[in-house]
Amino acid sequence: MLREDHTLRVTCGIDWAEDHHDIAVVDADARLLGKLRIDDDAAGFQDLMQLLAEHGDSPEDPIPIAIETSRGLLVACLRASGRRVYAINPMAVARYRDRHAVSRKKSDHQDAVVLANILRTDAGLHRPLPEDSDLVRAIAVLARAQQDAVWDRTRAHNRLRSHLREYYPAALEAFADKRERLLVREARAILAVAPTPGEAARLTRSRLKAAIARAGRQRRIDAETDRLLEVFRRPRLRQPDLVEAAMGRQTLALLAQLEAACQACDDLAQATEELFLQHPDAGIITSFPGLAVLTGARILAEIGDDRTRFDTARDLKAYAGSAPVTRESGRSRRVSHRRIKNSRLAATGRHWAFAALTASPGAHAHYNRRRETGDRYYAALRHLFNRMIGQLHHCLITRQKFDEAIAFTPPSKPQLATAA
């Protein structure tokens, strides 16, 4: 295994599954040095370590490992042991597989060999998993879970709204002028005590007032009570009584799902913010206009704190999906937005850019200039996000906070030549 140039060239590929994993170790000449199938437990991990040690693995020069996922206990243990782990996209593995077998045959062992050969031939084209701190990895767990909870809340809200349109339009009308519609506490409290239009019409003033107060409203309770009573008691089209009662039971079930999603959002947001504020990068990130504690935590969760991960700001922009991509062939040349990206970071970037419009005069002026040049709304926001995430990369590298005067220096006006 030790070649004449005294470089150790051994790579390992792991084809993972739920209960077992196939291992393949190859050398620089693509010879299969060893193969193994291990269980997904501590004994299996020890067998993997023994196989790697037999083929030259050491703490000073660990064997690099390719696998099709970046998550799971196996990956966590490999990273904790100090090994470089490469998470290879399964689509890329499928294309590499065709280089070895045009018959399109497939097996778990063959995929492990393909993964090992990917590192043997093209390790420079793939990036190892970043060496993020445990703190930022914990922040990533909570931030992503909170973002998932927000998406679950939106789906639950839309399902409830669609259901109410079928038999209970008064509930939608009552909160149509609210920014969060049915997500406001008052709407959920009232639907809990009056899940059908018949029950809403029979609500007494005292019971409705008590429901509004329980939801946390402190001002104009009497006026809001009178408004809702007037909305609920208007004559409207109704479903048959038996059907309406059944739809009311369904509303309670959908409302329980929405309540759970809202509670999860709140709990996870609090836990994420508390952990994020402990990170040394929190002050720099939140110094940027439009980045609050929660959105800042989402940004940090996706970019991590391994500053060697992105060599330049351009690499980070491509990862975030804000940098455009060019497709050129012959006389055809097309520049479009990037579709392969970190979707979570891109979604947070849109919120960041939108919030920055009101928080930063320079950001708003930059957005207006992009619109004047012909960019549509989302294209202008994406361009603003592209600029600001480049600035964030610079500030994190240089350990300085955002400065409006430096970040958005107004363009200098051309000087008119004066006649002598």
Donor-acceptor under 3.5 Å (Asp39 side chain, Asp41 main chain): no
Verdict with supporting geometry, Phe402 and Leu291, side chain to side chain contact (heavy atoms under 4.5 Å, CB included): CA-CA 11 Å; Phe402 176 84; Leu291 277 184; over 6 Å; no
Nearest atoms (heavy-atom pairs only) where Gly304 meets Asp132: CA-OD1, 3.5 Å
Plane angle bin for Tyr96 and His126 - parallel if under 30°, tilted between 30 and 60°, otherwise perpendicular: tilted
4.5 Å side-chain heavy-atom contact, Gln391 and Phe408: yes
Glu259/Gln263 under side chain to side chain donor-acceptor pair (under 3.5 Å): CA gap, chis, key distance, verdict: CA-CA 6 Å; Glu259 289 282 1; Gln263 187 63 44; over 6 Å; no
Heavy-atom side-chain contact between Arg298 and Gln146 under 4.5 Å: yes
Heavy-atom side-chain proximity of Leu33 to Val10 below 4.5 angstrom: yes
Check ion pair Glu166-Arg161 (N to O, under 4.0 angstrom): no
Between Arg83 and Ser81: side-chain donor-acceptor atoms closer than 3.5 Å: yes
From CA spacing to verdict: side chain to side chain contact (heavy atoms under 4.5 Å, CB included), Glu302, Thr348: CA-CA 10 Å; Glu302 301 308 324; Thr348 305; 5.9 Å; no
Side-chain heavy atoms of Ile340 within contact of Val325, under 4.5 Å: no
Nearest non-hydrogen partners of Leu183 and Cys262, listed with the distance: CD2-SG, 4.1 Å
Criterion side chain to side chain donor-acceptor pair (under 3.5 Å) on Gln147 and Arg344, from CA distance to verdict: CA-CA 8 Å; Gln147 197 170 27; Arg344 291 182 182 272; 3.2 Å; yes
Stepwise side chain to side chain donor-acceptor pair (under 3.5 Å) test for Ser360 and Glu404: CA-CA 8 Å; Ser360 167; Glu404 177 82 17; 2.9 Å; yes
Shortest non-hydrogen contact between Ile67 and Ile14, atoms and distance: CG1-O, 3.5 Å
Ser162 side chain to Arg159 backbone, donor-acceptor under 3.5 Å: no
Salt bridge (Lys or Arg N to Asp or Glu O under 4.0 Å) between Asp375 and Arg369, worked out: CA-CA 9 Å; Asp375 281 358; Arg369 284 195 298 270; over 6 Å; no
CG (Leu73) with more than 12 external heavy atoms under 6.0 Å: no
Donor-acceptor contact below 3.5 Å, side chain Thr11 vs main chain Pro64: no
Shortest non-hydrogen separation from Leu119 to Cys12 and the atoms involved: CD1-O, 4.3 Å
Under 3.5 Å: donor-acceptor pair, side chain of His279, backbone of Leu275: no
Short side-chain to backbone donor-acceptor contact, Asp57 and Ile63, under 3.5 Å: yes
Atom pair CD1 (Ile118) and CZ (Arg95), whose distance is rounded to the nearest 0.5 Å: 11.5 Å
Leu115 side chain reached by Tyr86 side chain, heavy atoms, under 4.5 Å: no
Check: Arg387 side chain, Ala363 main-chain N or O, donor-acceptor pair, under 3.5 Å: no
Val136/Asp281 under side chain to side chain contact (heavy atoms under 4.5 Å, CB included): CA gap, chis, key distance, verdict: CA-CA 10 Å; Val136 83; Asp281 290 344; over 6 Å; no
Mutual orientation of the aromatic rings belonging to Trp352 and Phe385 [parallel < 30°, tilted 30-60°, perpendicular > 60°]: perpendicular
Arg249 atom CZ, neighbour heavy-atom count above 12 within 6.0 Å: no
Arg238 atom CZ, over 12 foreign heavy atoms within 6.0 Å: yes
Polar side chain donor-acceptor pair, Asp40 to His21, under 3.5 angstrom: yes
Atom pair CG (Leu208) and CZ (Arg227), whose distance is rounded to the nearest 0.5 Å: 10.0 Å
Derivation and outcome, salt bridge (Lys or Arg N to Asp or Glu O under 4.0 Å), residues Arg79 and Glu131: CA-CA 8 Å; Arg79 296 179 70 180; Glu131 298 179 1; over 6 Å; no
Non-hydrogen atoms of Ala170 and Val231 that approach each other most closely: O-CG1, 3.8 Å
Heavy-atom check, side chain of Phe276 versus side chain of Leu294, under 4.5 Å: no
Shortest non-hydrogen separation from Ala292 to Thr286 and the atoms involved: O-CG2, 4.0 Å
Flag side-chain contact, heavy atom, 4.5 Å: Arg333 against Thr326: yes
Check against salt bridge (Lys or Arg N to Asp or Glu O under 4.0 Å), Arg217 and Glu186: CA-CA 8 Å; Arg217 189 181 184 94; Glu186 296 172 28; 3.0 Å; yes
Test log, rule side chain to side chain contact (heavy atoms under 4.5 Å, CB included), inputs Thr225 and Arg205: CA-CA 7 Å; Thr225 302; Arg205 192 176 189 281; 3.8 Å; yes
Point-to-point distance, once rounded to the nearest 0.5 Å, from CG of Leu345 to NZ of Lys341: 10.0 Å
Tyr377 and Tyr367 aromatic ring geometry - parallel, tilted or perpendicular at 30°/60° bounds: perpendicular
Rounded distance (nearest 0.5 Å) linking atom CG of Asp15 with atom CG of Asp22: 6.0 Å
Leu277 CG to Glu274 CD distance, which is reported to the nearest 0.5 Å: 8.5 Å
Stepwise salt bridge (Lys or Arg N to Asp or Glu O under 4.0 Å) test for Lys209 and Asp226: CA-CA 9 Å; Lys209 184 176 179 180; Asp226 295 336; over 6 Å; no
Expected output: side-chain Thr196 to main-chain Glu199 donor-acceptor under 3.5 Å: yes
Cation-pi check, Arg309 onto Tyr319 ring (under 6.0 Å, within 45° of axis): yes
Arg181 side chain vs Ala176 backbone, donor-acceptor pair below 3.5 Å: yes
Thr251 and His163: CA distance, side-chain angles, deciding distance, side chain to side chain donor-acceptor pair (under 3.5 Å) verdict: CA-CA 7 Å; Thr251 294; His163 175 63; 3.1 Å; yes
Distance (rounded to the nearest 0.5 Å) between His157 NE2 and Leu254 CG: 12.0 Å
Heavy-atom side-chain contact between Ile23 and Arg37 under 4.5 Å: no
Under 3.5 Å side-chain donor-acceptor pair for Asn117 and Arg120: yes
